[in-house]
S.K.: 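Right, I'll just put the structure down here and ask away after.
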Amino acid sequence: MTSVLQHPGYDEEKLRRVTEQTPCREAQTGLLLSLMGQPQQYSYPSIFVYGHRASGKSHVMQVLLKELELPHATISCVECVSNALLFEKMLLSLFGCEAASLLPRTPSLSDFVRVYRHQCVDSPATQTRYIVMEKAELLRDADVNLLPALLRLQELVDDNLTVILLSEITWDKFRPNTGCYEPLVLHFPDYSKGDLQQILSRDSHPSYSADFYSSYINILLGVFYSVCRDLRELHHLAALNFSKFCEPLAEGKVKESDTHKLWRNIEPHLKKAMQTVYLREVSSLQWEQMQQMEEKEAGALKGLSAHTHVELPYYSKFLLIAAYLASYNPARTDKRFFLKHHGKIKKTNFLKKNEKTSNHLLGPKPFPLDRLLAVFYSVVDSRVAPSASIFSQISSLVTLQLLTQVSHDDQLDAPKYKCAVSLDFISAISRTVNFDIVKYLYDFL
Amino acid sequence: MSKRKAKYAHLPIGESITQVQSMLRERLCNQRLPDKPEGTEAQHKHLLELLRRTAIHGESNSVLIVGPRGAGKTMLLKCVLRDLLEDKEAQKSLLQVHLNGLLQTDDRIALKEITRQLHLENVVGDKVFGSFAENLAFLLEALKKGDRSSSRPVLFILDEFDLFAHHKNQTLLYNLLDVSQSAQAPIAVVGITCRLDVLELLEKRVKSRFSHRQIHLLSSLTFTQYLQRVQSQLSLPQDFPDVKFAQDWNDSIKTLCEDKSAEEALRRHFNSSKDFRSLHILLMLCLSRVTVAKPVIKPADLLEASRLCFVDAKANMLHGLSILELCLIIAMKHLNDVYEGEPFNLQMVHNEFKKFLQRKSNSMYNFEQPVIMKAFEHLQQLELIRPVDGSAAKTQKEYQLMRLMLDHSQIMEALQKYPLCPTDVKQWAMSAFG
């Protein structure tokens, strides 16, 4: 099914190797190759390639440039945060270290172009030189003149040079306000489900048959495809969970062709992986260790989020509950919940109209310290004196980031806070002190 | 005899194709200069006359070339310079300094560059100057010819002129234009810019020293002229080695321009932009499809290249989203419809999504909150949703307000093309009320 890449000016053997290493990307490789043309011909000064993560952009570029042995410089904009690093890397890859050492200490773009032109005089380009910039969206945050200059670098240095930008973001978000030299924009489409199956099945384990591995990939895709299509993530998940998949086979309980039994074994495991390893709640190492242990011993895998459930002192728990109630109940409803004898509460027309959005959708509202203490005293059952220990507990809640301080640090007499915990968290806490919080929440009336 | 043989030389087809590619690529990618100016004869004449007066008669001048991006300003200047330097006297005495606003971001860097391009580094040596003006005067003094009567004429070309106006105090511009007005030395200052309002950027003292001479390159092409330009850009010149091949090629280009579907595609391009650069991108895409097996440009090539140019990038990105992410986008669209474009947060989107799931019987998409959060963050990384400015630090992630950067029609179009889209998701998207 793979069509053979052909281009005059490039060796057929090399092109065959390129096709082997870039599965499901024949059309894009062909297009890039035809745009690049023969090595001694000019190519368009700047090309912008966009596509989802792990859609093969960097991979195809690297394979093409390495196999066809073209002079190139690959730069990741994440790595080269300053201009000096960027220019040095470019000169190093294209001309060698003597050229890179000619740059002054803090080179400007002018210095870079000057050194480049100087080098060109000594070694003029017999083949097109390529500069590939990965994660190019970070160039927008660099110096304002860097991106427009890179797009017309061929003209500025007067050399057979092409700059290729790879990014996840579309070109419309890159354009500077006074315009620039528009690059040729190419799209790398995402892999289809069949493509993913084909690519992932390539790494089959030698001791099992290829069909067995493809059925495993099929099951994996069935669980994860609707959530994630990133090839790298799927590859990682496939590698992590394969040993668990082969477990019944190794124990001799099932044969290779018993797909249903294998599916029943692995499916709950993959669902669990989605809640833990996929979200990086547990590290891959922890996951592998858990798989080694017996099922009875494994128990509950403690994810990262579980570590936020600290054991709070008694009054702190009530302070937190009071803070939650103060954040999520509108102030006018406090009378209804916390006073013994509240009168009738009339709703005005305005309130009736805007009642649709529950506070739990909008987020916590800030409240002053006085209100917090008022709610706290009505919620806590025993008599509590307003001592410094209560106030210091409020500060420690802020340090634990369970409360956020909204007011400025200068306002000492009337600080304002917001509650930063979720409903599940506060329900768990209120259960430990036998407090029914749902009864006191306005949204659940 | 040998002349006649050379006239009818036939190269093998592969060789011809390579030659065609090399030649046309140099024209389209490397901005090779045309032999005579196309459509800018008047401007060419004006500028040539002006620069000749400086180079030969020693008159100081300043001029701005103004035009939108890709209109051919640099090409015009280079053609004029090429014609100017054909004159022996001009070639002997004229000096050129090329500055670019993108490279010389500072007046200090600009001055170093001027010193370097005039080859006066040794003369300047380690001297320290009090001001920019002194430095420039010294440089121009150093260019005086042996008999101290007059200085050599210098041509200063300032690319991206508007960027020089952003330097501190506009010192470089002020001094250059000052020299051009006073009788110090014959210089010509040629500025190239894409901003029509460039004069508003200049300070009063700089503006008054400028001669207010502007050459505008606002293209007023008609569609027929545009077609002619396409033809001339793709045609091979007379001195192509294989004459017969060149003839066949030029004929095929002519038929291409007369083809109905190709004309329609070109008209679409003409309506969106008339400049050289977008045309070059289109023709480059067509040219890349010429191979030995198919040694002509067919209308299908042009249509395919046109399609590539006009494709909607965001719709392409939507195509690659997972189903969960797509459902979140549809939920956002419904929120936008109901609340008329007010910003939303993750909790609201999740709530909307849960309303959809309640109506369906199976719970295939019943994911936990953290999984939905990860999908939401992925959309944020792709910049399909953006946070509303402010309040980023103090709010929790789930409650941060965002806006959707997609249009209603883009979403619907993407849904049509989405592979294996479940029907209930499609129906949910098309239903009016969440």
Side-chain angles (χ1 to χ4, degrees), chain A residues 8-9 31 34-35 37-38 40-45 50-52 55 108-110 113-114 145 148-149 152 154-156 160 168-173 178-182 184-187 189-190 192-193 225-229 274-275 278-279 281 305 360-364 404 406 418 420 422, chain B residues 14 17-18 21-22 25-26 28-31 68-70 74 100-106 109 113 116 162-163 194-195 277-278 281 284-285 288-289 292 311 313-314 316-317 319-324 345 347-348 351 364-365 367-368 370-371 374-375 381-383 394-396 398-399 419-420:
Chain A
L31 182 59
S34 64
L35 280 173
Q38 295 185 16
Q40 76 278 10
Q41 292 169 351
Y42 278 94
S43 177
Y44 206 73
Y50 70 98
H52 279 278
S55 55
S108 64
L109 196 50
S110 180
V113 169
R114 179 174 50 86
N145 64 333
R152 42 169 19 135
Q154 187 188 81
E155 191 184 312
L156 292 174
N160 190 355
E168 208 180 19
I169 316 273
T170 52
W171 171 248
D172 314 319
K173 305 204 190 251
T178 49
C180 59
Y181 194 101
E182 296 277 324
L184 215 150
V185 177
L186 292 180
H187 173 62
D190 47 292
S192 67
K193 195 164 182 183
Y225 187 68
S226 51
V227 170
C228 163
R229 288 212 201 162
M274 194 192 292
Q275 287 162 12
Y278 174 65
L279 299 172
E281 287 272 322
S305 310
H360 277 82
L361 290 182
L362 290 173
T404 352
V406 174
K418 248 195 317 202
S422 62
Chain B
I17 292 287
T18 313
Q21 287 268 1
S22 301
R25 268 161 191 268
E26 220 185 300
L28 296 176
C29 302
N30 202 29
Q31 320 299 341
R69 297 251 175 216
T74 321
N100 193 313
L102 289 174
L103 299 179
Q104 278 83 46
T105 45
D106 202 342
I109 301 176
E113 188 63 25
R116 211 183 50 79
D162 47 296
L163 293 179
C194 67
R195 289 184 67 159
R277 221 164 268 159
S278 47
I281 291 182
M284 182 66 196
L285 284 169
S288 63
R289 292 161 77 90
V292 175
V311 75
K314 281 200 183 138
N316 275 341
M317 295 304 279
H319 187 272
L321 292 179
S322 66
I323 302 221
L324 176 62
N345 58 32
Q347 285 292 109
M348 294 191 216
N351 199 34
M364 217 177 82
Y365 303 130
F367 297 113
E368 307 270 307
V371 178
K374 185 160 174 169
Q381 270 169 342
L382 289 174
E383 295 197 5
K394 295 278 175 84
T395 46
Q396 292 164 273
E398 299 92 70
Y399 294 112
L420 308 170

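Values in this document were obtained by computation on a predicted structure and should not be read as measured data. Every chain is numbered from 1 and lettered A, B, ... according to where its sequence line falls, protein lines coming before strand lines.
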S.K.: Taking the side chain as C-beta and beyond, is there a heavy-atom pair between Arg152(A) and Leu102(B) under 4.5 Å?
M.R.: yes

S.K.: Against chain A, work out which of Met348(B), Gln347(B), Met317(B) has the most heavy-atom pairs shorter than 4.5 Å and name it.
M.R.: Met317(B)

S.K.: Is any side-chain heavy atom of Ile169(A) closer than 4.5 Å to one of Gln381(B)?
M.R.: no

S.K.: Where the side chain of Ser288(B) meets the backbone of Leu35(A), is there a donor-acceptor pair that is under 3.5 Å apart?
M.R.: no

S.K.: Is the shortest side-chain heavy-atom distance between Asn100(B) and Leu156(A) below 4.5 Å?
M.R.: yes

S.K.: Let me see the working for Gln396(B) and Thr404(A) under side-chain contact (heavy atoms from CB on, under 4.5 Å), right down to the final yes or no.
M.R.: CA-CA 10 Å; Gln396(B) 292 164 273; Thr404(A) 352; over 6 Å; no

S.K.: Taking the side chain as everything from C-beta on, heavy atoms only, tell me whether Tyr44(A) gets closer than 4.5 Å to Arg25(B).
M.R.: no

S.K.: Output yes when a side-chain donor or acceptor of Lys374(B) lies under 3.5 Å from a complementary backbone atom of Leu279(A), and no otherwise.
M.R.: no

S.K.: Check whether any side-chain N or O of Lys314(B) sits under 3.5 Å from a backbone N or O of Asp172(A) as a donor-acceptor pair, and report yes or no.
M.R.: no

S.K.: Determine the option with the most heavy-atom pairs under 4.5 angstrom with chain A, choosing from Leu163(B), Ile17(B), Val311(B), Leu324(B).
M.R.: Leu324(B)

S.K.: Give a yes or no answer on whether the side chain of Asn345(B) reaches the backbone of Leu361(A) with a donor-acceptor pair at less than 3.5 Å.
M.R.: yes

S.K.: Has the side chain of Glu368(B) got a donor or acceptor atom that lies under 3.5 Å from a matching backbone atom of Met274(A)?
M.R.: no

S.K.: Please identify, among Val371(B), Leu285(B), Leu103(B), the residue contributing the most non-hydrogen atom pairs under 4.5 Å to chain A.
M.R.: Leu103(B)

S.K.: Shortest non-hydrogen contact from Tyr181(A) to Cys29(B)?
M.R.: OH-O, 4.3 Å

S.K.: Answer yes or no: is there a side-chain heavy-atom contact under 4.5 Å between Tyr399(B) and Leu362(A)?
M.R.: no

S.K.: Give a yes or no answer on whether the side chain of Arg289(B) reaches the backbone of Leu31(A) with a donor-acceptor pair at less than 3.5 Å.
M.R.: no

S.K.: Would you mind telling me which of Ile323(B), Asn316(B), Thr74(B) has the largest number of heavy-atom pairs within less than 4.5 Å of chain A?
M.R.: Asn316(B)

S.K.: Roughly how far, to the nearest 0.5 Å, is CD of Gln104(B) from CG of Leu109(A)?
M.R.: 9.0 Å

